[in-house]
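In what follows, a structure is listed as structure tokens, so that the remarks can point back to it.
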Amino acid sequence: LVDALRKRATTTAGEFTPRQVSDLMWALAKLGGICDAGLAHAMTWRAAATVDQFGPQDIAGLLWALATMGRKLKADVAQAILRRAVETVEDFTGKQVSSLMWALAKLGVQVEEVLVDGMCRRAVATARDYAPEDITKLLWALATIDAAVGGEVVRVMVRRAGE
């Protein structure tokens, strides 16, 4: 059944909305990463083709799923998705910020300063929404990507962790 569904998703990838791409990849990651190279390629191709329609949940969910499954992104696809993340940064929730930054660190994606700065500002603005695991993921990601961040995001997250 799973093989048939994967084949069907691969052949109909061009019909998927951004949310469907993200949700499918998230589900496959949660089911143990049962995503073959053909399906991963088809879904990342679809993501690139519809990137202007992606919202924060779609971006964070897709990248989290790819990172969880150990799937790499082509540089041009990653950059298109990250440009969209910068455009929509003010709409990210705390969980989406931490998931996105964790995924980028895990994938080893080159992250531009404008994205890091925007996500750090958003993290500070949404700090009260952070659960302990979100704080840990965000700080680990920032350390892993060796981001040159101001001390404010670290101070705010450490203070939040102590609450």
Side-chain angles (χ1 to χ4, degrees), residues 16-30 32-33 35 40 43-163:
F16 276 61
T17 67
R19 182 59 46 89
Q20 291 167 335
V21 169
S22 178
D23 287 352
L24 172 66
M25 297 303 283
W26 179 88
L28 294 173
K30 290 298 268 186
C35 179
M43 288 298 126
T44 55
W45 168 85
R46 184 62 179 160
T50 59
V51 72
D52 290 341
Q53 299 169 33
F54 267 62
Q57 182 176 337
D58 309 320
I59 295 165
L62 174 62
L63 293 180
W64 177 88
L66 292 170
T68 298
M69 292 186 289
R71 297 280 176 188
K72 297 294 183 190
L73 274 174
K74 289 185 176 184
D76 58 333
V77 174
Q79 292 312 310
I81 292 171
L82 296 183
R83 273 193 303 277
R84 183 64 180 157
V86 170
E87 292 169 0
T88 60
V89 68
E90 295 303 319
D91 298 325
F92 274 74
T93 66
K95 182 167 271 317
Q96 291 164 348
V97 169
S98 66
S99 291
L100 172 67
M101 296 306 290
W102 175 86
L104 294 173
K106 185 90 170 153
L107 289 166
V109 172
Q110 182 68 34
V111 183
E112 293 182 14
E113 189 174 329
V114 66
L115 177 66
V116 174
D117 289 348
M119 289 299 157
C120 285
R121 279 193 314 279
R122 192 66 187 145
V124 168
T126 59
R128 72 174 40 124
D129 300 332
Y130 275 66
E133 63 270 14
D134 301 323
I135 295 167
T136 303
K137 283 185 350 187
L138 177 62
L139 294 178
W140 176 85
L142 292 172
T144 300
I145 63 174
D146 200 23
V149 296
E152 183 179 17
V153 69
V154 175
R155 280 192 302 277
V156 167
M157 289 299 134
V158 168
R159 183 174 42 232
R160 175 71 180 125
E163 293 176 351

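Please read these numbers as outputs of a predicted model, since none were measured by experiment.
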Derivation and outcome, side chain to side chain contact (heavy atoms under 4.5 Å, CB included), residues M101 and I145
CA-CA 9 Å; M101 296 306 290; I145 63 174; 3.7 Å; yes
Test log, rule side chain to side chain contact (heavy atoms under 4.5 Å, CB included), inputs Q79 and E112
CA-CA 9 Å; Q79 292 312 310; E112 293 182 14; 3.6 Å; yes
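Counted within 6.0 Å of CD on E133, heavy atoms from surrounding residues, nucleotides or ligands total more than 12; the atom is thus considered enclosed. More than 12 heavy atoms of other residues, nucleotides or ligands sit less than 6.0 Å from atom CD of E163.
Counting heavy atoms from C-beta outward, R121 and D117 have side chains that approach closer than 4.5 Å. A heavy-atom distance below 4.5 Å is not found between the side chains of T93 and D134. You'll find the side chain of V109 stays beyond 4.5 Å of the side chain of L63, heavy atoms only.
Using a cut-off of 4.0 Å between Lys/Arg side-chain N and Asp/Glu carboxylate O, E87 and R84 are scored as salt-bridged.
Across all their heavy atoms, W64 and K30 have their closest contact at CH2-CD, 3.6 Å. Closest approach of A123 and M157 over heavy atoms only: O-CE, 3.4 Å. Heavy atoms only, all atoms of each residue included: K137 and S98 are closest at CE-OG, 3.8 Å. A65 approaches W26 most closely through the heavy-atom pair CB-N, 3.6 Å. Minimum heavy-atom separation, M25 to A40: CE-CA, 4.2 Å. Taking each heavy atom of V89 and M119 in turn, the nearest pair found is CG2-CE, 3.7 Å.
A donor-acceptor contact shorter than 3.5 Å is absent between the side chain of R122 and the backbone of V97. When atom types are taken as modelled, the side chain of Y130 and the backbone of I135 share no donor-acceptor pair closer than 3.5 angstrom.
Distance CD/Q57 to OG1/T88: 12.0 Å, rounded to 0.5 Å. Put simply, CG on L107 and CH2 on W102 are 8.0 Å apart, with the number rounded to the nearest 0.5 Å. To the nearest 0.5 Å, the span separating CZ on R46 from CG on L62 amounts to 13.0 Å. Atom OG1 of T17 is separated from atom CZ of R19 by 8.0 Å, given to the nearest 0.5 angstrom. Rounding to the nearest 0.5 Å gives a distance of 9.5 Å between CD1 of I81 and CG of L104. Atoms OG and CZ, on S22 and F16 in that order, are 12.0 Å from each other to the nearest 0.5 Å.
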